[in-house]
Amino acid sequence: MSVELGVWLGAEPITAQEALRRYLVWSRSDAVPGEPRPETAAFYEELTSLFPDLTAENYAVSPWSAPLIVGEEFVLMDAVFPRAGEVCRVVLELAWRHPLVLFEP
């Protein structure tokens with residue numbers, strides 16, 4: 001069981017339906033073209049300094065149930081349920097700091 005989260009750049013308000021549509025499109029893609037934009041890269045770097053991305057070496061202690069998906073304007077995360085509260089607090093703080101939209105489907 002996991003908690004799905006997404007953050008992305010977004011200057012204008014969108015509907016919940018549009019947010020879900022974007023999340024689903026991005027989550028279905030393993031390889032995302034393009035380099036992350038500075039805001040996205042900064043979020044990812046800070047997040048992974050606290051919670052390294054999932055690897056074969058750290059899967060037993062990682063808060064992630066799957067590797068992070070990073071695109072030009074977004075980062076998608078799946079946190080293991082027992083650590084979801086801890087991860088959600090950090091992701092919320094970092095999204096605010098970088099400023100990115102936080103979405104939990």
Side-chain angles (χ1 to χ4, degrees):
M1 192 169 213
S2 67
V3 173
E4 297 177 28
L5 299 167
V7 297
W8 60 77
L9 295 171
E12 297 182 20
I14 59 173
T15 65
Q17 182 179 2
E18 175 59 15
L20 180 59
R21 186 196 69 76
R22 289 180 189 189
Y23 180 86
L24 292 174
V25 167
W26 292 329
S27 68
R28 292 181 183 135
S29 175
D30 291 335
V32 182
E35 291 294 316
R37 294 194 33 193
E39 302 91 327
T40 309
F43 172 89
Y44 176 80
E45 288 173 21
E46 194 167 353
L47 179 65
T48 55
S49 74
L50 300 168
F51 303 122
D53 205 347
L54 183 66
T55 65
E57 292 77 31
N58 72 0
Y59 75 92
V61 297
S62 177
W64 308 118
S65 61
L68 304 177
I69 299 174
V70 182
E72 291 179 57
E73 299 182 348
F74 64 89
V75 178
L76 304 183
M77 302 148 275
D78 287 322
V80 296
F81 193 73
R83 298 198 51 198
E86 172 189 11
V87 169
C88 288
R89 283 188 295 277
V90 169
V91 169
L92 179 60
E93 180 182 325
L94 294 178
W96 179 262
R97 189 179 311 151
H98 284 288
L100 300 168
V101 174
L102 173 60
F103 179 71
E104 190 260 323

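To the nearest 0.5 Å, atoms CD1 (I69) and OH (Y23) are separated by 7.5 Å. With rounding to the nearest 0.5 angstrom, the CD atom of Q17 is 5.5 Å from the OG1 atom of T15. Between R22 atom CZ and I14 atom CD1 the span is 4.0 Å, to the nearest 0.5 Å. Annotation: the span from E12 atom CD to E18 atom CD amounts to 11.5 Å, rounded to 0.5 Å. Atom OG of S65 is separated from atom CD of E4 by 8.0 Å, given to the nearest 0.5 angstrom.
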Legend entry - Chi angles and distances behind the side-chain contact (heavy atoms from CB on, under 4.5 Å) call for L100, L9: CA-CA 5 Å; L100 300 168; L9 295 171; 3.3 Å; yes
Inset, instruction - Carefully, step by step, assess F51 and R83 under the rule side-chain contact (heavy atoms from CB on, under 4.5 Å). - result: CA-CA 11 Å; F51 303 122; R83 298 198 51 198; 3.7 Å; yes
Inset, instruction - For Y44 and D53, run side-chain contact (heavy atoms from CB on, under 4.5 Å): C-alpha distance rounded to whole Å, both residues' side-chain angles, the deciding distance at 0.1 Å, then the answer. - result: CA-CA 9 Å; Y44 176 80; D53 205 347; 3.4 Å; yes
Inset, instruction - Dump the intermediate steps for side-chain contact (heavy atoms from CB on, under 4.5 Å) on V7 and H98, then the final yes or no. - result: CA-CA 10 Å; V7 297; H98 284 288; over 6 Å; no
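A pairwise comparison of heavy atoms in V87 and A79 identifies CG1-CB, 3.9 Å as the closest pair. Here the shortest heavy-atom pairing between A95 and L102 reads CB-CB, 4.3 Å. When all heavy atoms of W8 and A19 are compared, the pair lying nearest together is CH2-O, 3.7 Å. What you find for L50 and V90 is that their closest heavy atoms are CD1-CG1, 3.7 Å. Among all heavy-atom pairs drawn from V70 and P36, the shortest one is CG1-CG, 3.6 Å. Here the closest non-hydrogen pair linking A84 and V3 is CB-CG2, 3.5 Å.
A side chain to side chain contact (heavy atoms under 4.5 Å, CB included) with L68 is found for one member of L5, D78, T48 and no other, namely T48.
Sequence neighbours left out, the pairs with a member in residues 92-105 that pass salt bridge (Lys or Arg N to Asp or Glu O under 4.0 Å) are E46-R97, E93-R97.
Taking the six-membered ring where the residue is Trp, W26 and F74 present parallel rings, their angle staying beneath 30° rather than reaching 60°.
V80 and L92 are members of different hydrophobic clusters when ILVMFWY side chains are connected at heavy-atom separations under 4.5 Å.
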